[in-house]
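We're numbering straight along the sequence, starting at 1.
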Amino acid sequence: MESSVTAQASDGALANSIRALAMDAVEAAKSGHPGMPMGMAEIAVALWKRHLRHHPGNPAWPNRDRFVLSNGHGSMLQYALLHLTGYDLPMQELRRFRQLGSRTPGHPEYGYAPGVETTTGPLGQGLANAVGMALAERLLAAEFNRPGFEIVDHHTYVFAGDGCMMEGISHEVCSLAGTLGLGKLVAFYDDNGISIDSDKGHIAHWYTDDVPKRFAGYGWHVIPNVDGHDVEAVDRAIRRAKREKSRPTLICCKTTIAKGAPHKADTGAAHGAPLGADEVAATRAAIGWPHPPFEIPRAIYAAWDAREAGKRAERRWNRLFSSYEKQFAAQAAEFRRRMAGALPADFAGRFSALLSESHQKGETIATRKASQNVLDAVKAVLPELLGGSADLTGSNLTMAKASKVIGPKALGGNYLFYGVREFGMCAMMNGIALHGGFIPYGGTFLVFSDYARNALRMAALMKIRVIYVFTHDSIGLGEDGPTHQPVEHAACLRLIPNMDVWRPCDTVESAVAWGAAIARAKGPTALLFSRQNVPHAERNSLEHIEKGGYVLADAPGARAVIIATGSEVSLALGAQKQLAEAGIPVRVVSMPSTSVFDRQPEEYRNSVLPREIPRVAVEAGVSDYWRKYVGLKGAVVGIDRFGESAPAGELFRHFGFTAENVVKAVRSVLGEVRQ
């Protein structure tokens, strides 16, 4: 039977190999989503066999095309393609789909299987990542390409389904992609009309958008009414998309979910559950696939194998880059450094000088302004810093002197006005970081981190270097009122595993925070900055600030420790002075980053926060987070309700953020009652 099925290795046989692996893996796991891989199999054949430029032997080749599976529940489509085309993803891993320790988790996870460019699960974010990748490609090309030397020249392809289209983030990023004219972005819309809910999953009762018109309104090049089961039709659409240079392209492919399954095709039953043994057997017969589970004929493997073609493509690029390097040695070295994610050799020394300068100046300014001063100093020597803001540039102060605005007609640049698109901004930054060549940062108000939270979580999960600049970090922003005053947000961000959060108290700590964020290659950082001015904190040394928590001001025989962050550090210092005048010595610990402090050795942490001394924590945020530092006998000066609309000074006094109230809290933990 093998020869009859595979003699020609027809497109139909290649598509059926995907269908077989998808339904077999889901059946073995007794869990998963077989319908989408079976429905998009011919689209995958057209793209991966005829257009996608990649090298399974070197998944990190810089000029590869990027492929993103935004409808990540159909992960077996990607795993099947990676296995069949020759990536280091053996059949055993497909057999272990969704099992503990496998490289084939339920949704594609960055860093697990080679060739997976991003983690996709929350729908729509893969589409946003792809927009970020396409933007990164365009910006790198503008910066490094020279006539005759297009060393950056690749496409970003993304598969997306109805769920991605329904999610609001798709509106945010696709609108911006159209405005920017990202011509090398090609999206495939899997229009199968099926979701999870009622009426056998048919979506006509709750989703009737005219998607082609919607994307045409965004300024996309739209190719409608493509038969997603006709490889030749899809191939023609891709060719049209690649000829379009000034607009991103949406290829609208009409498909049948679980194509080939006699009883479950075109039903919601095939979306998120195994087909069942009887339906799998019936599907094998219907599509003419007589092979046992997880068995692929040699001729099918040979037809899919992309290793030699990928090697040739990379060799051609290597020859081009070698010639480029001879003529543009400095640019070639810079490109290699940037794509490797390495910082300039002299960066540490330059940053140390900046830190010393901040210490010597001792300015009393808002930490958001201190942040801008750091950007002014480092952006000119760190060209990979790619900034932006969600329509709050003048408030976030994220634009530096060296910033150059990116626009539809400006192919290059290093600063993007994202518009009021907080979620889209953060997810695009994830894609930019994953593409390589940039360290993205973007700003909004801290309270709006809620809008973007899932993108922040994805960055932490993927362990990628992205910097989120969150200003207006407390009730200290004042008159805008409780809708804009973050209370729980710092604590929420600190709860995200692998997210470093810094809330600096002055210019010095702001510089340290930026330095730590830039240097951190294996995870994202949230920088929380104040709107209002904060005084410079006098210190004898710059030592230990980078450890996240340190003794800012000590006193011999300290009877208590006051822990504070951000603008509240000045309150702690004021309370220390009042207590000293009353004969009560206390230590002040500034803790700009609890996440970094918690990673320090126990010996260091105990030296900063001695176990035997009672503690008081002070932060203009929810108090519960600080209980782990102060213990049952300690106290927290915090705010456990929403704010009010009033000038900042009045609000701080109203909610008890005064040196006098901190003094009262210290006296309470010492068991003293002041007469």
Side-chain angles (χ1 to χ4, degrees), residues 9-23 33-54 65-85 108 115-117 120 123 126-127 130 155-165 170 184-194 211-212 215 220-242 244 248-261 265-266 270-271 287 300 303-304 306:
S10 66
D11 290 337
L14 298 183
N16 286 337
S17 67
I18 296 172
R19 291 190 173 94
L21 288 174
M23 64 183 182
H33 300 74
M36 186 280 270
M38 297 173 71
M40 294 194 77
E42 283 85 5
I43 301 172
V45 170
L47 176 62
W48 281 66
K49 274 291 294 174
R50 303 188 183 188
H51 295 277
L52 191 72
R53 185 172 53 185
H54 62 120
D65 288 336
R66 270 52 169 188
F67 173 77
V68 175
L69 191 75
S70 188
N71 41 357
H73 53 273
S75 57
M76 268 310 304
L77 174 67
Q78 187 162 16
Y79 297 147
L81 289 165
L82 294 172
H83 170 76
L84 292 167
T85 56
V116 173
E117 300 280 6
T120 54
L123 292 174
L127 188 52
H155 284 79
T156 300
Y157 298 102
V158 55
F159 284 4
D162 284 307
C164 298
M165 297 301 181
S170 69
K184 289 184 178 177
L185 173 63
V186 180
F188 297 80
Y189 170 36
D190 179 31
D191 180 13
N192 61 33
I194 295 292
V211 173
F215 275 74
W220 284 53
H221 170 222
V222 178
I223 304 176
N225 303 318
V226 176
D227 182 351
H229 301 301
D230 183 340
V231 173
E232 297 300 330
V234 177
D235 174 69
R236 289 193 296 272
I238 297 172
R239 293 180 186 278
R240 284 181 59 190
K242 291 167 73 173
E244 173 59 54
T249 296
L250 180 72
I251 302 175
C252 302
C253 299
K254 189 63 182 176
T255 66
T256 300
I257 195 169
K259 173 75 171 177
D266 197 34
H271 173 85
I287 66 176
I300 297 289
W304 268 118

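The shortest distance between side-chain heavy atoms of Leu14 and Ile300 falls below 4.5 Å. Side-chain contact between Leu250 and Phe188 is absent, with no heavy atoms from C-beta onward closer than 4.5 Å. Residues Trp304 and Val45 have side chains in contact (heavy-atom distance under 4.5 Å, counting atoms from C-beta outward). Using a 4.5 Å heavy-atom cutoff, the side chains of Ile257 and His271 are in contact. Looking at heavy atoms from C-beta onward, Met36 lies in side-chain contact with Leu69 at the 4.5 angstrom threshold.
Tyr157 has its ring centre no less than 6.0 Å from the ring centre of Phe67.
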Step-by-step side chain to side chain contact (heavy atoms under 4.5 Å, CB included) determination, Asn225 to Lys254: CA-CA 7 Å; Asn225 303 318; Lys254 189 63 182 176; over 6 Å; no
Side chain to side chain contact (heavy atoms under 4.5 Å, CB included) evaluation trace for Leu127 with Val68: CA-CA 7 Å; Leu127 188 52; Val68 175; over 6 Å; no
Step-by-step side chain to side chain contact (heavy atoms under 4.5 Å, CB included) determination, Met38 to His33: CA-CA 10 Å; Met38 297 173 71; His33 300 74; over 6 Å; no
Residues Trp48, His54; criterion ring-ring contact (aromatic ring centres under 6.0 Å, His included); working and verdict: CA-CA 9 Å; Trp48 281 66; His54 62 120; 5.0 Å; yes
Trace of the salt bridge (charged side-chain N to carboxylate O under 4.0 Å, His left out) decision for Glu42 with Arg19: CA-CA 10 Å; Glu42 283 85 5; Arg19 291 190 173 94; 2.7 Å; yes
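In this structure, Met40 CE and Lys259 NZ are separated by 14.5 Å, a value rounded to the nearest 0.5 Å. From Leu81, atom CG reaches atom NZ of Lys49 across 11.5 Å, with rounding to the nearest 0.5 Å. Taking CE of Met23 as the start and CD1 of Ile18 as the end, the distance is 12.5 Å to the nearest 0.5 Å. Interatomic distance, CG of Leu82 versus OG of Ser75, reported as 10.5 Å (0.5 Å rounding). One distance of note links SG of Cys164 with CG of Leu123; it measures 4.5 Å at 0.5 Å rounding. Rounded to the nearest 0.5 angstrom, Cys253 SG and Ile43 CD1 are separated by 4.0 Å.
Asp65 contributes a side-chain N or O that, together with a main-chain N or O of His155, makes up a donor-acceptor pair within less than 3.5 Å. Under a 3.5 Å cut-off, the side chain of Ser70 and the backbone N or O of Ala160 do not form any donor-acceptor pair. Proximity of a side-chain donor or acceptor of Asn16 to a complementary backbone N or O of Ile287 within less than 3.5 Å is detected. Without hydrogens or angle criteria, His229 side chain to Thr256 main chain gives a donor-acceptor distance under 3.5 Å.
A side-chain contact (heavy atoms from CB on, under 4.5 Å) with Ile223 is found for exactly one of Val234, Ile251, Val186, namely Ile251. The only option from Asp191, Asp227, Asp190 that meets the side-chain hydrogen bond (donor to acceptor under 3.5 Å, both in side chains) definition with Thr255 turns out to be Asp190.
Listed here is the closest heavy atom pair of Ala130 and Val158: CB-CB, 3.8 Å. Nearest heavy atom pair, residue Gly72 against residue Pro108, reads O-CD, 3.2 Å. Pairing each heavy atom of Gln78 with each of Val116, the nearest pair is NE2-CA, 3.8 Å. Nearest heavy-atom pair across Ala303 and Ala9 is CB-CB, 3.5 Å. Among all heavy-atom pairs drawn from Ala187 and Trp220, the shortest one is CB-CZ3, 3.9 Å.
The pair Glu244-Arg239 does not count as a salt bridge, with every side-chain nitrogen at least 4.0 angstrom from each carboxylate oxygen.
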